[in-house]
Amino acid sequence: MSQQIPCRLSAPGIASCLGSDLSVITKALETGTRGLTMCSKYTPGHPLALGAVTMPLPDMSHWPARHQSRNNQLSLAALEALGEALPALLASVAPERIGVVMGSSTSGVSETEAAIDRTGPGNDFDDQYCYFRQELGATSAFIAHHLGIRGPQWTISTACTSGARALSAARRLLASGQCDAVIAGGADTLCNLTVHGFASLDAVSATPCMPFSRHRDGINIGEAAVVFIVTRDTDGIQLTGYGETSDAHHISAPHPEGDGAARAMAQALTMAGTLPQHIGYLNAHGTATPHNDAMEARAIDRVFGHCGVPVSATKALTGHTLGAAGALEAAFAWLSLTHQFLPVHVHDGHYDDRLPPLDLVSSSIPGTPLTHAMSNVFAFGGNNATLLLERTS
């Protein structure tokens, strides 16, 4: 690890379609077990494979109206999954020295959709409607309110990179001395806006997605919440590098050669003082859309070249959780480093040989020696983010 500020990521708190138990999630990553379910809630008569969270969520009936949303229920479920680490943090660090940075692209939009269903399009909302629920800052505001935290708090909304950028923002808060600890991650909720929005781009597959397959035909949408406690402790899993770029090639399509994606990976390596050959695992963005997978394969080849790197795209297991994806896949990298294994890549076995070859993980070998793991996330508008995690003990 290069000489730099420590940035320790705690064990993650997760609420996802794979559940919240880290041992169960690890097993799913090792075996390539999908958490997707067929659902027609958002597309009546046309079932889609979705990464829906089916675990029981906290009761929100007693919360202030402004905080009552599924996004916040997911966030609290993730906070509760942190276990004893959370009360230990709150007991040891002053509330004004704890920050909150979350990523989200939906916030409480699903509650607004429910209000429109109740009152009808174009009509005035009823008394149950509360605008604050859908404000993008609502997720971090809820966490700060619920935990009594008084440090800096905001929500990042850069589409699919939001959760990853929340973690890099947490690192900057520690480096600047503004915080002694930050609760950071991402949360996004299934709703009509996202399912129909991606469907309108012809980007959604009706069947479980197949990243980097010759037969890939689109993404599956999912939902999740993930939180880490980020501190200056020097042990454990460290966030040693990140890269953030914007190529602004197109409002929705990525740069075809992956220019911004390659620069984000290179920036993360440089910040961490790490060479490409030291990376033992790469969690690819791997959405299973034709354009994204093509550009990412090219970008990985440009950065890693002949040294190669084991790659898997875990959206095949969880769906694309949008604003939570960067945090969720950082959590998977955290698990791979902690438990020394490679998450399996799941598709139909037919790699798209029109792309540069990738070393896709076909089976997980326990005890794989890993010290460095990288996670990519890319978003609309050419917004790119890469996180680099390192095991120090």
Examine the side chains of [X] and [Y] and answer whether a donor and an acceptor come within less than 3.5 Å of each other.
X	Y	value
Thr112	Gln134	yes
Thr119	Asp126	no
Tyr351	Asp353	no
Ser61	Asp59	yes
Gln267	Thr245	no
Thr321	Asp188	no
Asn376	Thr386	yes

Could you give me the CA-CA distance, side-chain angles and deciding distance for Thr318 and Phe332, then say whether side-chain contact (heavy atoms from CB on, under 4.5 Å) is met? CA-CA 11 Å; Thr318 65; Phe332 294 164; 3.8 Å; yes
Please work out whether the ring planes of His215 and His350 are parallel, tilted or perpendicular, with thresholds of 30° and 60°.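 Rings of His215 and His350: perpendicular, over 60°.
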Parallel, tilted or perpendicular: ring planes of Phe198 versus His320, cut at 30 and 60 degrees: tilted
Value rounded to 0.5 Å, distance of [atom1] in [X] from [atom2] in [Y]:
X	Y	atom1	atom2	result
His146	Trp63	NE2	CH2	7.0 Å
Leu9	Leu167	CG	CG	6.0 Å
Arg150	Arg97	CZ	CZ	12.5 Å
Ile221	Leu193	CD1	CG	10.5 Å
His278	Cys307	NE2	SG	10.0 Å
Ile219	Cys209	CD1	SG	8.5 Å

Around atom CG of Asp124, are there more than 12 heavy atoms from other residues, nucleotides or ligands closer than 6.0 Å? no
Considering residues, nucleotides and ligands other than His339, do more than 12 of their heavy atoms fall under 6.0 Å from its NE2?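 Correct, the count exceeds 12.
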Short N-O contact, Lys315 and Glu296, less than 4.0 angstrom: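 Salt bridge between Lys315 and Glu296, a charged N being under 4.0 Å from a carboxylate O: no.
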Using a strict 4.0 Å threshold on nitrogen-to-oxygen distance, state whether Asp259 and Arg302 make a salt bridge. yes
Go through the steps for Glu223 and Arg70 under the test side-chain contact (heavy atoms from CB on, under 4.5 Å), then give the verdict. CA-CA 10 Å; Glu223 61 181 354; Arg70 180 173 174 83; 2.7 Å; yes
Taking Asp233's backbone N and O only, do any of them form a donor-acceptor pair with Gln238's side chain (distance below 3.5 Å, no angle check)? yes
side-chain contact (heavy atoms from CB on, under 4.5 Å) between Val226 and Trp334, intermediate numbers included: CA-CA 12 Å; Val226 183; Trp334 189 100; over 6 Å; no
side-chain contact (heavy atoms from CB on, under 4.5 Å) evaluation trace for Leu239 with Val230: CA-CA 9 Å; Leu239 174 58; Val230 190; 6.0 Å; no
